[in-house]
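What follows is a single structure, written as structure tokens, with notes after it.
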Amino acid sequence: MYRLHSHCRACGYARKASPDYIKKEGSVEKLMEILDLGIQPLANDFKKYTDEHAGYAPLKLLMCPRCGLAQLSVVVEPAILYKDYPYVTSRSATMENHFSMLLHAIRLETQPLNCIEIGSNDGHFLEFCQNHNVLKVFGIDPAENLATAANESMIRTVVGEFNKRTAEVAMSNIPCPDLVVARHVFCHINEWNLFMVDLERLASEERFLAVIEVPYALDMIANGSFDQVYHEHLSYLHVGAMAHLLEHTPFKIQRVEHFPIHGGSIAIMIRRKDWPHPPHESVQRCIQREESIQGKWLEFAAKSSALMCSLESQVINAKQLGKSVCGYGASAKSTVFLNACGFKRKDIQFICDSTKQKQGRLSPGSDIPIVDEGALLRELPDYAVIFAHNFASEIIQKNERYVELGGKWIVPVPECKVLP
Ligand code: TMP
Ligand code: ZN
């Protein structure tokens, strides 16, 4: 189901440390363990019945002592991880607003006439581009169900991983792309060097711009949001690690823009090395802020344990007082939180979620049922834990009635808080 991962994906540290090498030369280089979340189910493995779950794998975070890249200790087989992938980009006001900010930031660099998106999901972002003067768009996504949905809504999409074949299909539709966007997919990829080789195929124009959006390691550290650590996220990126990776490619970092989405994300804008303009000052600014990231990761591990303990004691105290507790937002993050805290159905009765595909299914590992959002007012539990805490303000705002009727929210990150 999974393979062990032991060398740095960005700078190659410990690449030589194969068992044979260690036997001959002794142990020299090794990634450092920083956080162990135990053996966990796959975070998006929402199934109708427990026995349909794909299984469990270690969830452990390692860090490269040289470039500071945090990465998982295992790579789960993508065919298992992405089979029946239920993740659909949230169609929320928060997301719409983010798309608008992202496109605005891209236009500080270039005025794209066309766009290829890697990991285009159901085509939501490309549709947004099309509605905002990007004339031609094309998507690449491995999930057949999502690509079909995109094609049905007239966003042309090829099914598959990003590789030579899908890059060529994309180029038969858009021969000289101005813009390639990869939103929240880069951290899912194991072989970064191959990704760069395939990206190079698309970069025939000098004005080519690639935008790689990832959750930002510094925000994740600041928030202690260990619930972003799950099997799909193989790496936890900062700008310095990307700079290491690009050293041996034809690309350079041109600009970095920071956004609040998903608890703090960055769009790393990449140009060909022959692009004549010097990098924007945002690149150096980020790299300076990332100094001593290795020490910061160690603090992150301590903060993560404290957050788990806080939520655990909130829920246990509530239960001891005879109160009822539900969850809100069956995000992948919720799976990590639930399993790290060891919650079961007796602790958290159900989780509300707006995603139709998740409703009627079970949260992996804890077997807590996922229901529609209306259950919050129908069942009126005393407490609702917002597991989709990145959307906390939107969720609280649209459920004002819950508080009027006496309900209380628990927001577990960045500090475990009870509201009102
Ligand atoms: P995400 O952080 O991975 O996008 O997951 C957010 C989850 O929360 C997703 O399953 C949809 C759900 N959600 C709601 O149920 N109601 C909402 O109002 C919002 C914004 C999200
Ligand atoms: Zn490294």
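Indexing begins at 1, ligand by ligand and atom by atom, following the structure's order.
Scanning for salt bridge (charged side-chain N to carboxylate O under 4.0 Å, His left out) contacts around Arg201 gives Asp198, with sequence neighbours left out.
For Thr166 and Asn163, the side-chain atoms include at least one donor-acceptor pair closer than 3.5 Å. Donor-acceptor pairing under 3.5 Å is lacking for the side chains of Glu213 and His262.
Comment: Glu404 engages Arg401 in a salt bridge, judged by a side-chain N to carboxylate O separation of less than 4.0 angstrom. Between Asp353 and Arg361 there is no salt bridge, since no side-chain nitrogen of the basic residue lies less than 4.0 Å from a carboxylate oxygen of the acidic one.
Distances below 4.0 Å separate heavy atoms of Thr355 from the following atoms of ligand 1: 9 (C), 10 (O), 11 (C). Every atom of ligand 1 is numbered from 1 in the order shown, and the set under 4.0 Å from a heavy atom of Asn390 is 2 (O). Within ligand 1, counting atoms from 1 as listed, the ones closer than 4.0 Å to a heavy atom of Phe391 are 2 (O), 4 (O), 6 (C), 20 (C). Less than 4.0 angstrom separates some heavy atom of Ala388 from each of these atoms of ligand 1: 6 (C), 8 (O). Residue Gly329 has at least one heavy-atom neighbour below 4.0 Å for each of these atoms of ligand 1: 8 (O). Taking every non-hydrogen atom of Lys333 and a distance limit under 4.0 Å, the qualifying atoms of ligand 1 come out as 2 (O).
Centroid-to-centroid, the aromatic rings of Phe208 and Trp275 stay 6.0 Å apart or farther.
Classified by interplanar angle (parallel below 30°, tilted 30° to 60°, perpendicular above 60°), the ring pair His5/His7 is tilted.
At a heavy-atom distance under 4.0 Å, atoms from both the backbone and the side chain of Ser354 approach ligand 1.
When the options Thr94, Ile395, Ile351, Asp353 are ranked by their closest heavy atom to atom 19 (C) of ligand 1, first place goes to Ile395.
Scanning all heavy atoms of the two residues, the minimum distance from Pro381 to Tyr402 falls at O-OH, 2.9 Å.
Residue Lys398 places a heavy atom under 4.0 Å from ligand 1. Residue contacts with ligand 1 include Tyr328, since one of its heavy atoms falls under 4.0 Å from the ligand.
Residue contacts with ligand 1: His262 is placed with no nitrogen or oxygen under 3.5 Å of a nitrogen or oxygen of the ligand (distance criterion only). At least one N/O-N/O distance between Glu373 and ligand 1 falls below 3.5 Å.
Although no hydrogens or angles enter the test, the distance criterion places a donor-acceptor pair under 3.5 Å between the side chain of Ser153 and the main chain of Ala149.
The Zn ion (ligand 2) has Cys8 SG, Cys11 SG, Cys64 SG, Cys67 SG as its protein N, O or S neighbours under 2.8 Å.
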Test side-chain hydrogen bond (donor to acceptor under 3.5 Å, both in side chains) applied to His389 and Asp227, step by step: CA-CA 10 Å; His389 47 80; Asp227 54 354; 2.6 Å; yes

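Atom CZ of residue Phe195 and atom CZ of residue Arg9 lie 13.5 Å apart, to the nearest 0.5 angstrom.
Partner of Val137 under the side-chain contact (heavy atoms from CB on, under 4.5 Å) criterion, chosen from Glu127, Glu117, Gln130: Gln130.
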